[in-house]
There are 4 protein chains.
Amino acid sequence: MNILSLREKKAVKKKEEILKSAVEIMAGKGYHAVTVEEVASRLLMTKGSVYYYFNDKEDLLYQSIRMLMEQTIDKIRSVLEEEITIVEKLKKAIVQHTISIISERSGFSISIRLEQIFTGRYLEELIQLREEYSEDFDTLLEKGMEEGLFISTNVKVVRNLIFGAMNGVVQWYSQEGEMDKKEFAEMIANHLLRLILKSK
Amino acid sequence: MNILSLREKKAVKKKEEILKSAVEIMAGKGYHAVTVEEVASRLLMTKGSVYYYFNDKEDLLYQSIRMLMEQTIDKIRSVLEEEITIVEKLKKAIVQHTISIISERSGFSISIRLEQIFTGRYLEELIQLREEYSEDFDTLLEKGMEEGLFISTNVKVVRNLIFGAMNGVVQWYSQEGEMDKKEFAEMIANHLLRLILKSK
Amino acid sequence: MNILSLREKKAVKKKEEILKSAVEIMAGKGYHAVTVEEVASRLLMTKGSVYYYFNDKEDLLYQSIRMLMEQTIDKIRSVLEEEITIVEKLKKAIVQHTISIISERSGFSISIRLEQIFTGRYLEELIQLREEYSEDFDTLLEKGMEEGLFISTNVKVVRNLIFGAMNGVVQWYSQEGEMDKKEFAEMIANHLLRLILKSK
Amino acid sequence: MNILSLREKKAVKKKEEILKSAVEIMAGKGYHAVTVEEVASRLLMTKGSVYYYFNDKEDLLYQSIRMLMEQTIDKIRSVLEEEITIVEKLKKAIVQHTISIISERSGFSISIRLEQIFTGRYLEELIQLREEYSEDFDTLLEKGMEEGLFISTNVKVVRNLIFGAMNGVVQWYSQEGEMDKKEFAEMIANHLLRLILKSK
DNA sequence: AATGAATGAGCTTTCATTCAT
DNA sequence: CATGAATGAAAGCTCATTCAT
């Protein structure tokens, strides 16, 4: 498996570079500021080359977002598999997500208004991915409720509130004097756990 | 003061209509989908006319956002002046903000990445306004802490988490089966209060 | 009826100028050589202006072809209404069509592979128009057969052969030493009538 | 002569495949729809390879058209060499040409506006070829006139009318319910002979 | 021989902005 | 005041062509 010729490896690498270039611009100036021209010129390429690797701009943005989402999902999944308590899992998940948001700014990919950017199959697949991610969280919340650790309530509402609060972080983190990311994320997690933890 | 000739009154009214038209489009299709052409055509005007009332597109958007922000600020301020407990004030503020978001969708104006859209003086003034709004909330939170009703913590962090959670609502409210707005907003408020209320 | 303001008249005129510009290029270099840029620059306009009058390039070409087709149809219809014999009508129709082809080169609009250029509604309407034109000819041929003037045969086949021969003229007329157009067209008609006239 | 090494033979074969691929696309979607990319991909090649065999796109198209023209000329020449009457030769030539058009669609190569596509030497040579083909027809017509079988008239005019009618067939044949090609072509020939045959 | 990769010119289209009337 | 008209800058995309390997 994964037998790629040198050429293919190079091509994969190039694609990734392009995706990263696009992500950087998105993170800095927003999706609508992304032009194929700029994505290319950051890599000292020309527009034409980008079109060699991607069908069109929507495809490029789609794959960018997809990459970010998958990275975040992977991290959260590995947290879920650790042998720790539900509460710790939830906390770690929030910390992880928050770190993703403030470091790679991938958080926006979860909170984005996908419908305003994508169409057709692209849209469907990203929505699907977002839902998978949500379900991972929901499962965790449900378990906590069953075990009597969390308050009994509407899972989706709580999950969405937590998501909203986390994703919002991207907008104000930098103002907070660049506190250590890990530390910052843990503080956030501690706060957000109050939304769901049963108070003694 | 406030003595406007008939002509001036008409002009003011026209401006407001244009602003509303712009806001509608923003709410529906998002920020970047706003074109001067569409703003005008919704009012059976032509593009040229819009430029009679506004210097340029940035000006138009600036004033739109400003109007939304001011409306929301006004509502929150009148809540703050009511003769009710701090906790009730906070709850009412959250309810009010949430309703604004899901009905007029003005919430986006608070959560928007202003820096990605505005420049120069426009940007400064909107940031200023956003801060005023934040301070109103902060004052409330501080009072609650002083009175021992709220947990003692970093006010800005909690305020930003609450803002994030509230603003995120715009993205998932409609899926919730169109529950009554007031009722929905109160549910949200009850959840979010847990972030700050001391548990007995 | 037909009450147009001065402005509207000007606009109509402008549209016509643009259509003519497009037709000229088509006639000279073929459809695919038509660029919006060139259509505009021939009128000392900019591309942008053309898009003020037409939705897109397909719309521009559609209206160009349509205009040509309608002009040709009109001429043939007035021939059909004249009080002359069937044979004379057919001859005049052929003459007229031939003259159209070699002078305004509108002939190509009939013979063009519409499917290779147009799509959707545009395509449908032009095909419809082409069929109307064909029917006018067919009716004439049928009458002639009924009256025993023409040989009895498949109308569509004969009509299509005549069309093909006439439309082909555009490709070789200029080589013929610029004979007088009318005279030339009559010669063509005399030849083509042999296809259908009963020989004594 | 004609001593080609295995390598050379392979190269010739490859070239022919590429030419056929180009012709197929032309026949199906028209001239301007031919892209080097598609020509190559139909043969599971890459664009680069095509450029190994042809100088540039014009060269590729030139050789494609040339091949079609030569094939058609060959067929007509063998008809001319048969030991049959002039009238039968003309009829057979028309049948043959018509069949070529509707089966291989090579007809377009004769009727195409070469000047809109080719330049320089390419253009000259194709025009030359087209003229050779025309002369074969013209010789036949002249002989028929000399023998008193055909009406006395301008040979070129008649030849061009016949060409136009035949070439036009490509546009409407398919609508005719897919009549047998041979039968169809003979019907066409019988009609077109009326253009030139002396009526008794 | 063949190909993957890159390029650049050219085209269509959108849209904020201006301005004479 | 309002509008029709025009403009030009930017963006997306296609494709013939080149070239190192």
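Lettering of chains follows the sequences in order, A, B, ..., and the numbering in each one begins at 1.
Counting non-hydrogen atoms of neighbouring residues, nucleotides and ligands closer than 6.0 angstrom, the NZ atom of B:Lys57 exceeds 12 such neighbours.
Whole-Å rounding puts the A:Leu6 CG to E:dG4 P distance at 14 Å. The distance from atom CD of C:Glu38 to atom P of E:dT12 is 10 Å, rounded to the nearest whole Å. A straight line from CD of C:Glu58 to C1' of E:dC11 spans 16 Å, rounded to a whole angstrom. Between C:Leu61 atom CG and E:dC11 atom P there is a gap of 14 Å when expressed in whole angstrom units. When rounded to the nearest whole Å, the span between NZ of A:Lys10 and P of F:dA20 equals 14 Å. The distance from atom NZ of C:Lys15 to atom P of F:dA5 is 11 Å, rounded to the nearest whole Å. Between the NZ atom of D:Lys13 and the P atom of E:dA1 there is a distance of 14 Å, given to the nearest Å. Rounded to a whole Å, the NZ atom of C:Lys9 is 14 Å from the P atom of F:dA5.
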Can you list the steps and then say if A:Phe54 with A:Val39 is a side-chain contact (heavy atoms from CB on, under 4.5 Å)? CA-CA 12 Å; A:Phe54 299 90; A:Val39 169; over 6 Å; no
Walk me through it: do A:Tyr31 and A:Gln116 pass the test side chain to side chain donor-acceptor pair (under 3.5 Å)? CA-CA 11 Å; A:Tyr31 332 82; A:Gln116 288 179 359; over 6 Å; no
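Each of B:Asp56 and A:Arg7 has a nearest nucleotide on DNA chain E; the 5'-most of these lies closest to A:Arg7. Of the two residues contacting DNA chain E, namely B:Asn55 and C:Tyr51, the nearest-nucleotide position lying further toward the 5' end is that of C:Tyr51.
Residues B:Ser64 and B:Leu60 are in side-chain contact: their nearest non-hydrogen atoms beyond the backbone lie under 4.5 Å apart. Side chains of B:Ile117 and B:Leu123 form no contact here, defined as non-hydrogen atoms less than 4.5 Å apart.
Contact annotation for D:Phe54: no contact, since no heavy-atom pair falls under 4.0 Å across all strands. B:Ala11 comes within 4.0 angstrom of no nucleic acid atom, judged by non-hydrogen atoms across all strands.
Looking at A:Lys29 and B:Glu115, no side-chain N of the basic residue comes within less than 4.0 Å of a carboxylate O on the acidic one, giving no salt bridge. Ion pairing between a basic and an acidic side chain is recognised when a charged N comes within 4.0 Å of a carboxylate O; C:Glu70 and C:Arg66 show such pairing. A salt bridge links D:Glu38 with D:Arg42: the closest approach of a Lys/Arg side-chain nitrogen to an acidic carboxylate oxygen falls below 4.0 angstrom.
OP1 or OP2 of E:dA6 has at least one side-chain nitrogen or oxygen of A:Tyr53 nearer than 4.0 Å.
Residues meeting the side-chain contact (heavy atoms from CB on, under 4.5 Å) test with C:Gln128, sequence neighbours left out: C:Glu132.
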Between the protein and nucleotides 7-11 of chain F, which nitrogen or oxygen pairs are less than 3.5 angstrom apart?
residue: F:dT7; atom: OP2; partner: C:Thr46; partner atom: N; Å: 3.2
residue: F:dT7; atom: OP2; partner: C:Thr46; partner atom: OG1; Å: 3.2
residue: F:dT7; atom: OP2; partner: C:Ser49; partner atom: OG; Å: 2.8

Watson-Crick and G-U pairing of DNA chain E written in dot-bracket, each distance under 3.5 angstrom, with | for inter-strand partners: .||||||||||||||||||||
